[in-house]
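Since the structure is predicted, the reported quantities are computational estimates derived from the model, not experimental observations.
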Amino acid sequence: MLIDFTVSNFRSIKEPQTLSMLATSAKENPDNVFKVDDKISLLKTSVIYGANGSGKSNLVKALEDMAYFVHLSTDHKKGERIEYYQPFKLDKSYVIKPITFELEFLGSDNIRYRYTFSFTEF
């Protein structure tokens with residue numbers, strides 16, 4: 001189960017942005033909370049909202065690209081361009097910096113895992 005996802009330097013996302021599924025201590029919508037143990041409760045669903053052009057679609061696209069990258073990473077050859085490399089282009093210093101994806105999830109064994117990787121165009 002997803003705990004959180006963080007992305008930086010991807011499309012319109014410059015600084016790290018995180019989608020967190022951790023539940024707060026608020027008592028609103030208790031049917032939307034999955035209690036894992038005494039220390040952690042996760043949301044079953046979440047909503048992303050914001051102004052037009054604020055990066056909502058790019059956050060979802062980053063999660064999708066991370067999944068594709070992991071599934072297809074064995075197909076990549078050294079020196080080939082990585083098609084998922086779409087850095088933030090409004091700051092010239094970021095154009096050559098790596099994109100970073102980070103995923104934290106709860107496995108079926110109830111152990112927390114963190115999967116992180118960064119990459120550049122080649």
Side-chain angles (χ1 to χ4, degrees):
M1 184 172 266
L2 178 66
I3 296 174
D4 61 42
F5 171 69
T6 303
V7 60
S8 62
N9 193 30
F10 180 76
R11 302 183 97 182
S12 65
I13 300 169
K14 180 179 179 180
E15 300 299 325
Q17 298 295 312
T18 300
L19 171 65
S20 177
M21 297 301 286
L22 287 170
T24 65
S25 59
K27 303 296 183 205
E28 298 172 2
N29 303 316
D31 293 339
N32 192 41
V33 176
F34 173 74
K35 190 169 176 81
V36 176
D37 57 31
D38 291 337
K39 297 179 183 177
I40 186 170
S41 295
L42 299 173
L43 298 173
K44 295 178 184 177
T45 61
S46 184
V47 175
I48 302 171
Y49 62 92
N52 289 343
S54 64
K56 302 177 300 291
S57 296
N58 285 335
L59 182 66
V60 174
K61 175 83 171 126
L63 186 56
E64 180 182 63
D65 281 6
M66 180 184 186
Y68 284 128
F69 191 90
V70 170
H71 286 124
L72 302 174
S73 62
T74 57
D75 295 341
H76 292 288
K77 308 288 186 273
K78 186 175 180 179
E80 286 183 344
R81 183 182 181 282
I82 299 173
E83 65 183 272
Y84 306 107
Y85 185 70
Q86 299 174 43
F88 182 79
K89 293 183 179 177
L90 297 178
D91 183 336
K92 292 184 190 247
S93 69
Y94 276 71
V95 174
I96 58 170
K97 289 185 178 183
I99 291 172
T100 301
F101 292 140
E102 182 175 310
L103 186 72
E104 185 175 3
F105 63 95
L106 189 66
S108 58
D109 52 6
N110 278 348
I111 295 176
R112 287 174 86 157
Y113 294 92
R114 182 175 301 276
Y115 188 76
T116 304
F117 62 93
S118 298
F119 62 97
T120 57
E121 187 171 15
F122 293 99

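- In terms of heavy atoms, Ser41 sits closest to Val33 at CB-CG1, 3.7 Å.
- The backbone N or O of Lys14 sits nowhere less than 3.5 Å from a side-chain atom of Asp91 that would complete a donor-acceptor pair.
- The backbone N or O of Asp31 lies less than 3.5 Å from a partner atom in the side chain of Lys44, making a donor-acceptor pair.
- The neighbour count for Glu80 CD, taken as heavy atoms of other residues, nucleotides or ligands under 6.0 Å away, is above 12.
- A distance-only check finds a donor-acceptor pair linking the side chain of Asn32 to the backbone of Thr45 [under 3.5 Å].
- Side-chain atoms of Asp37 and Asn110, non-hydrogen and from C-beta on, never get closer than 4.5 Å to each other.
- Under a hydrophobic clustering in which Ile, Leu, Val, Met, Phe, Trp and Tyr are joined whenever their side-chain heavy atoms come within less than 4.5 Å, directly or via other members, Leu42 and Ile48 fall into different clusters.
- Note on Leu103 and Leu72: same hydrophobic cluster, where clusters join Ile, Leu, Val, Met, Phe, Trp and Tyr whose side-chain heavy atoms are under 4.5 Å apart, directly or indirectly.
- A heavy-atom distance below 4.5 Å is found between the side chains of His76 and Phe69.
- Using bins of under 30°, 30° to 60° and over 60° for the plane-to-plane angle, the ring pair Phe101/Phe117 lands in the perpendicular bin.
- Met66 places none of its side-chain heavy atoms less than 4.5 Å from the side chain of Val7.
- The CE atom of Met1 sits 10.0 Å away from atom CD1 of Ile40, with the distance rounded to the nearest 0.5 Å.
- With rounding to the nearest 0.5 Å, the separation of OG1 in Thr18 from CZ in Phe5 is 9.0 Å.
- In terms of modelled atom types and a separation under 3.5 Å, the side chain of Thr24 and the main chain of Ala26 share a donor-acceptor contact.
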Next on the checklist: With side-chain contact (heavy atoms from CB on, under 4.5 Å) as the criterion, how do Arg81 and Phe122 come out once you've worked through the C-alpha distance, each side chain's angles and the decisive distance to 0.1 Å?
Outcome noted: CA-CA 5 Å; Arg81 183 182 181 282; Phe122 293 99; 3.7 Å; yes
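- With contacts defined as side-chain heavy-atom distances shorter than 4.5 Å, the pair Glu83/Tyr68 does not qualify.
- Side chains of Glu15 and Tyr94: a donor-acceptor N/O pair is present below 3.5 angstrom, by distance only.
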Item to check | side-chain contact (heavy atoms from CB on, under 4.5 Å) evaluation trace for Asn58 with Gln17 | outcome: CA-CA 11 Å; Asn58 285 335; Gln17 298 295 312; over 6 Å; no
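- Tracing side-chain contacts under 4.5 Å through hydrophobic residues (I, L, V, M, F, W, Y), one reaches Val70 starting from Leu2; they form part of the same cluster.
- Put simply, CZ on Arg112 and CZ on Phe105 are 12.0 Å apart, with the number rounded to the nearest 0.5 Å.
- Note: Lys61 NZ to Ser12 OG = 12.5 Å, rounded to the nearest 0.5 Å.
- Hydrophobic clustering (side-chain heavy atoms under 4.5 Å, transitive across Ile, Leu, Val, Met, Phe, Trp, Tyr) groups Tyr115 together with Phe10.
- At least one side-chain heavy atom of Thr116 sits under 4.5 Å from a side-chain heavy atom of Thr100.
- No more than 12 heavy atoms of other residues, nucleotides or ligands shown are found within 6.0 angstrom of CG on Asn52.
- Within the 4.5 Å cutoff, no side-chain heavy atoms of Asp4 are placed close to those of Leu19.
- To the nearest 0.5 Å, the span separating CD on Glu102 from OG1 on Thr6 amounts to 5.0 Å.
- In this structure, OG1 on Thr120 lies 9.5 Å from CD1 on Ile96, to the nearest 0.5 angstrom.
- Met21 and Val60 end up in the same hydrophobic cluster when Ile, Leu, Val, Met, Phe, Trp and Tyr side chains are linked at under 4.5 Å.
- What you find for Ile99 and Pro87 is that their closest heavy atoms are CD1-N, 4.0 Å.
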